Amino acid sequence: VTDCTAPIIVALTDGASQDDDTTVRWMLRGTHAHVRIIFITIGLHPTHENKIKSVCIRSENDVLISADGGVADLEEAWGQVGELLTVSEQIEEAGEGLSDDECRTLLFQ
């Protein structure tokens with residue numbers, strides 16, 4: 001994750017969707033192109049995983065976290081999300097005074 005200022009959506013999904021790839025791509029571009037998406041997946045079929053990776057993961061700013069092992073994995077996934085959001089809060093609080101290198105240091109510590 002390298003974008004320090006983008007809004008973030010956290011999505012909990014099993015990957016199933018009634019929308020086709022074109023519709024999903026359309027929803028994720030334009031005014032939403034700058035939004036970071038953190039996907040937590042549960043019971044994700046490999047076909048759906050490939051679709052999320054190819055259609056929804058648009059850059060290193062988007063994240064896919066698997067929680068297929070039950071409640072413990074789901075709890076761990078939310079912990080990872082919490083860590084990502086906490087870093088985002090630190091970056092936001094630092095504001096424009098934070099250099100790119102300082103931002104990356106916070107993101108990858």
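Because only heavy atoms are used, hydrogens play no part in the values below, and waters and symmetry mates are left out as well, while side chains stay in. These numbers come from a predicted model, not from an experiment.
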_Show the nearest heavy-atom pair for residues Ile65 and Val81, with the distance to one decimal._
CD1-CG2, 4.0 Å
*From Asp62 CG over to Ile8 CD1, what is the distance, rounded to the nearest 0.5 angstrom?*
10.5 Å
_Checking Asp14 now: which residues fulfil side-chain hydrogen bond (donor to acceptor under 3.5 Å, both in side chains) with it, not counting sequence neighbours?_
none
*For Thr13, check side-chain hydrogen bond (donor to acceptor under 3.5 Å, both in side chains) against everything at least two apart and list the hits.*
none
Quiz: residues 41-49 side-chain donor-acceptor pairs under 3.5 angstrom, not counting sequence neighbours:
from, atom 1, to, atom 2, distance (Å)
His45, ND1, Thr47, N, 3.0
His45, ND1, Thr47, OG1, 3.2
His48, ND1, Gly15, O, 3.4
Glu49, OE2, Lys53, NZ, 3.0

*Considering the options Leu12, Leu64, Asp73, which one meets the side-chain contact (heavy atoms from CB on, under 4.5 Å) requirement together with Ile40?*
Leu12
_Would you say that Ile37 contacts Val63 through its side chain, given a criterion of any heavy-atom pair below 4.5 Å between the two side chains?_
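Side-chain contact under 4.5 Å: no.
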*Got Phe39 and Val10 here, is their nearest side-chain heavy-atom distance under 4.5 Å?*
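No, every pair of side-chain atoms sits at 4.5 Å or beyond.
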*Taking only residues two or more places apart in sequence, or in another chain, which ones meet Glu76 in a side-chain contact (heavy atoms from CB on, under 4.5 Å)?*
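Per chain and number, Glu76 pairs via side-chain contact (heavy atoms from CB on, under 4.5 Å) with Gln80.
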